[in-house]
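Below is one structure, written out as structure tokens; the observations come after it.
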Amino acid sequence: MGQSVCKQFIGGEWCDAAACEFFEVTNSSTGEVIAQSPLSGVPDVNAAVAAAAAAFPEWAATPVSRRAQYLFRYKVLLEEHLDDLAAVLCLEHGKTRPEAIGELRRGLEVVDMCCGMPMLMKGDTLDDLGGGVDYQTTRYPLGVCAGITPFNFPGMIPHWMFPVAIACGNTFVLKPSQQTPLTAIRFTELMIEAGFPAGVFNLVHGAKEAVDTLLVHPDVKAVSFVGSTPVAQYIYATAAVNGKRVQAAGGAKNHFVVMPDAPLELVVPNIISSAFGCAGERCMAVANVIAVGGSEKKFMPLLRAAVQKMTIGRTDQGSEPDMGPVISAEHRARIEGYIEAGVREGANLLEDGRGVTAPDAPDGFYIGPTIFDGVKPEYTIAQDEIFGPVLSVLEMDSLDAAIDHINASPFGNAACVYTRSGPDARAFRSRVNPGMVGINVGVPAPVACFPFSGWKDSFFGDLHVQGHEGILFYTQQKVVLARWLVRGALDTFGCGSGS
Ligand code: NAD
């Protein structure tokens with residue numbers, strides 16, 4: 001792939017953006033610039049929204065069973081092209097191939113769910129609630145919906161949004177991260193092959209200006225956002241004040257609690273895959289492990305031994321390291337800044353990922369797995385979202401202390417407990433206040449039929465992505481009260497009996 005300028009897809013045509021500023025998309029494994037992503041603005045976004053608005057009436061009037069057929073075709077194409085989509089994702093993001101395939105499969109599961117939209121969108125009926133009046137609820141699409149997505153799951157997170165919105169009868173404008181636009185371009189090609197009518201799905205690029213245009217555009221009825229907490233807060237407030245529905249998922253700081261009776265055979269592999277999978281660039285990654293009652297004595301030696309065996313390397317050429325690079329040199333520098341802060345604040349740096357390189361790719365954005373212990377709850381590394389392969393281990397005396405620490409975090413995405421005790425697991429499940437809880441599982445990220453249920457500063461809005469909530473978000477409900485007059489009943493209204 002050369003240094004091409006990314007095209008937009010508007011009203012069924014690939015087109016150049018009007019923008020004259022560009023973001024350099026890099027191969028994270030080598031640091032090489034591989035494409036220019038236009039920093040689109042008002043004219044580009046307005047054109048995309050106009051195309052989506054024009055396509056809406058006909059698409060909304062297309063029977064849901066027919067809309068689902070387009071999704072079936074798209075699902076088959078995604079399955080067939082999983083490998084080439086994964087290759088693009090590995091290139092622009094730096095994920096390993098199994099991570100890329102896993103991510104894409106998670107996106108595909110949402111498309112699978114949407115193929116069942118005729119079942120999922122059904123309303124309720126209740127006959128004769130008094131006076132012969134029958135009740136019925138029917139769900140209708142909203143109009144043009146917009147999706148704004150982060151760099152870290154370019155193959156999955158857009159699929160949390162547009163397949164659901166489109167299957168419900170809406171039309172869609174997607175604005176992927178300027179850092180990872182190429183995966184979106186590849187799946188847009190598959191949307192074209194699936195035959196969706198022009199204007200149903202549109203792709204624009206860009207960053208703040210493109211987003212701001214979507215947030216205030218009168219024809220955009222709903223905004224779905226996933227990204228960092230400050231931007232999520234801004235999106236929620238700005239879109240809501242402009243009269244739109246909003247679901248805005250933000251950042252995270254996730255915890256594992258390891259009890260003294262924890263099943264060690266699960267603890268160590270789960271910490272490794274959760275903390276260091278996708279180079280720690282996951283909103284569900286574990287950042288803090290809380291060792292209760294001295295459990296660290298059992299799992300730490302095993303964890304360190306496993307980490308020391310991990311391989312780090314390039315992911316753009318089909319090789320299979322355990323971990324790839326992070327997204328950019330700036331992001332790596334930010335992660336390194338947190339490692340320096342941890343050392344300064346007094347934590348013990350047991351494994352230091354700084355300075356790791358891939359021999360054949362010296363300019364790639366590498367940083368190895370990093371582990372601190374002796375971390376106090378008030379340290380910056382225990383509180384801030386680092387979004388890299390940095391794990392903090394905190395020691396506490398009791399499950400209660402661990403729950404109190406987790407609940408004091410402003411974030412509320414995920415927490416897991418490792419224990420063989422039913423009462424401890426039950427206490428954890430009911431008292432801990434992130435919205436996604438795991439009991440002896442690695443990453444408690446729900447599959448498509450359950451909502452991705454962040455709380456607190458990890459989510460702003462009412463209806464989450466995925467599951468039934470996603471369908472409620474992209475539809476509005478009408479309640480119809482109907483009375484059909486039967487022979488003789490007209491007399492009740494003084495209208496005569498008719499003939
Ligand atoms: P980001 O907030 O920087 O960017 C997300 C999107 O917002 C991008 O499309 C970007 O172009 C746009 N954007 C950035 N700054 C903006 C601004 N000032 N105004 C308007 N739009 C703006 O996030 P990122 O770095 O791409 O992604 C990483 C973050 O996403 C992490 O905080 C991570 O926890 C979070 N995330 C959350 C979830 C979740 O489900 N809660 C899932 C994945 C990632």
Side-chain angles (χ1 to χ4, degrees), residues 6 19 21 23 25 37-41 45 92-93 95 103 106-107 110 146-161 173-181 183-184 203-216 223-239 246-254 277-287 326-328 330-332 334-335 384-388 409-414 434-436 443-446 450-461 464-467 469-470:
C6 299
E21 285 183 66
F23 182 91
V25 183
S37 181
L39 292 174
S40 302
V45 171
E92 69 173 347
H93 181 286
K95 274 182 201 196
E103 155 174 5
R106 276 299 177 98
V110 184
I148 300 153
T149 53
F151 79 81
N152 70 319
F153 278 101
M156 174 182 76
I157 290 178
H159 286 97
W160 284 354
M161 304 171 181
V173 178
L174 174 68
K175 205 294 293 167
S177 168
Q178 66 279 17
Q179 299 190 84
T180 49
T183 308
L203 174 72
V204 293
H205 298 294
K208 182 165 172 52
E209 194 185 331
V211 172
D212 285 347
T213 311
L214 287 167
L215 298 183
V216 301
V223 174
S224 301
F225 171 83
V226 177
S228 59
T229 289
V231 183
Q233 265 167 325
Y234 167 74
I235 301 273
Y236 179 68
T238 313
V246 199
Q247 49 181 197
K253 189 78 179 176
N254 305 309
C278 303
E281 293 170 321
R282 280 197 290 206
C283 68
M284 296 293 276
V286 62
V326 296
I327 187 68
S328 64
E330 295 73 29
H331 190 52
R332 180 179 55 191
R334 185 176 168 276
I335 297 166
D384 287 11
E385 179 180 48
I386 300 174
F387 217 57
S409 169
F411 297 109
N413 246 17
M436 290 173 275
V443 176
F450 278 89
F452 201 87
S453 206
W455 284 18
K456 305 201 286 183
D457 284 0
S458 296
F459 183 76
F460 303 91
H464 296 85
V465 296
Q466 291 202 153
E469 285 193 33

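First listed ligand is number 1; within each ligand, the first listed atom is number 1.
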**Asked** With backbone taken as N, CA, C and O and side chain as the heavy atoms from C-beta onward, which portion of I157 lies under 4.0 Å from ligand 1: side chain, backbone, both, or neither?
**Response** side chain
**Item:** Nitrogen or oxygen atoms of A207 and ligand 1 under 3.5 Å apart
**Value:** no
**Request:** Report the member of R282, Q466, K208 with the shortest heavy-atom distance to atom 19 (N) of ligand 1.
**Result:** K208
**F452 side, atom CZ; F459 side, atom CZ - distance, nearest 0.5 Å** = 11.0 Å
**Item:** Least distance between heavy atoms, N413 atom then G454 atom
**Value:** OD1-CA, 3.5 Å
**Message:** Among all the protein's non-hydrogen atoms, which is closest to atom 37 (C) of ligand 1, and how far away is it?
**Reply:** G250 O, 3.0 Å
**Prompt:** ligand 1 versus F225, non-hydrogen atoms closer than 4.0 Å: side chain, backbone, both, neither?
**Reply:** side chain
**Prompt:** Could you walk me through whether L174 and T149 pass the side chain to side chain contact (heavy atoms under 4.5 Å, CB included) check?
**Reply:** CA-CA 8 Å; L174 174 68; T149 53; 4.1 Å; yes
**Asked** Is there a protein heavy atom at a distance of less than 4.0 Å from atom 7 (O) of ligand 1?
**Response** yes
**atom 26 (O) of ligand 1 [closest protein heavy-atom partner, distance rounded to 0.1 Å]** = F151 N, 3.0 Å
**Message:** With heavy-atom distances below 4.5 Å as the criterion, would you say the side chains of F460 and V246 are in contact?
**Reply:** no
**Message:** With a heavy-atom distance limit of 4.0 Å, tell me whether E281 approaches ligand 1 through its side chain, its backbone, both, or neither.
**Reply:** neither
**Request:** Tell me which protein heavy atom sits closest to atom 39 (C) of ligand 1, plus the residue, atom name and distance to 0.1 Å.
**Result:** C283 SG, 3.3 Å
**Message:** Tell me the protein heavy atom at minimum distance from atom 44 (C) of ligand 1, and give that distance in Å.
**Reply:** N152 OD1, 3.2 Å
**Message:** For the 3.5 Å polar cut-off, considering only N or O atoms, please tell me whether K175 and ligand 1 meet it.
**Reply:** yes
**Message:** Any heavy-atom pair between the side chains of N152 and I327 that's under 4.5 Å?
**Reply:** no
**Item:** Residue Q178 vicinity, atoms of ligand 1 by number, heavy atom under 4.0 Å
**Value:** 10 (C), 11 (O)
**Request:** Could you grab the distance from atom CZ of F153 to atom SG of C283, nearest 0.5 Å is fine?
**Result:** 6.5 Å
**Request:** Name the closest protein heavy atom to atom 28 (C) of ligand 1, giving the residue it belongs to and the distance to 0.1 Å.
**Result:** F387 CE2, 3.6 Å
**Message:** Give me the residue, atom name and distance of the protein heavy atom closest to atom 27 (O) of ligand 1.
**Reply:** P150 CB, 3.3 Å
**Request:** Answer whether the closest heavy-atom distance between the side chains of L215 and Y234 falls below 4.5 Å.
**Result:** yes
**Message:** For the CD atom on Q233, are there more than 12 heavy atoms of other groups (residues, nucleotides or ligands in this structure) within a distance under 6.0 Å?
**Reply:** yes
**Asked** Got an N/O contact under 3.5 Å between S228 and ligand 1?
**Response** yes
**Request:** Could you list which atoms of ligand 1 come closer than 4.0 Å to a heavy atom of G251?
**Result:** 32 (O), 34 (O)
**Asked** Taking non-hydrogen atoms only, is F452 closer than 4.0 angstrom to ligand 1 via side chain, backbone, both or neither?
**Response** side chain
**Asked** Just wondering, do P150 and I157 contact through their side chains at under 4.5 Å, heavy atoms?
**Response** yes
**Fill in**
If you scan protein heavy atoms around atom 34 (O) of ligand 1, the nearest is E385 OE2, 2.5 Å
**Message:** Please report the interatomic distance CD(E385) to OG(S458), rounded to the nearest 0.5 Å.
**Reply:** 8.0 Å
**Prompt:** Is the closest N or O pair between W160 and ligand 1 shorter than 3.5 Å?
**Reply:** no
**Message:** Would T149 count as a polar contact of ligand 1, with the cut-off being nitrogen or oxygen pairs under 3.5 Å?
**Reply:** yes
**Message:** Working note: V223 + I148, criterion side chain to side chain contact (heavy atoms under 4.5 Å, CB included); need CA distance, chi angles, decisive distance, verdict.
**Reply:** CA-CA 8 Å; V223 174; I148 300 153; 3.9 Å; yes
**Asked** CD1 of I235 to OG of S224: how many Å apart, nearest 0.5 Å?
**Response** 10.5 Å
**Request:** Quick one: look at T229 and ligand 1, take heavy-atom pairs under 4.0 Å, and tell me if it's side chain, backbone, both or neither.
**Result:** neither
**Fill in**
Tested for side-chain hydrogen bond (donor to acceptor under 3.5 Å, both in side chains) against E103, the lone hit among K95, H159, H93, R282 is K95
**Request:** Quick one: look up the protein heavy atom nearest atom 16 (C) of ligand 1 and list residue, atom name and how far away it is.
**Result:** V231 CG1, 3.7 Å
**Message:** Using the salt bridge (Lys or Arg N to Asp or Glu O under 4.0 Å) criterion, which residues pair with D212? Sequence neighbours excluded.
**Reply:** K208
**Asked** Quick check: does G227 get an N/O under 3.5 Å from an N/O on ligand 1?
**Response** yes
**Asked** For ligand 1, which atoms sit closer than 4.0 Å to a heavy atom of V211?
**Response** 20 (C), 21 (N)
**Message:** Please determine whether any non-hydrogen atom of S177 lies less than 4.0 Å from an atom of ligand 1.
**Reply:** yes
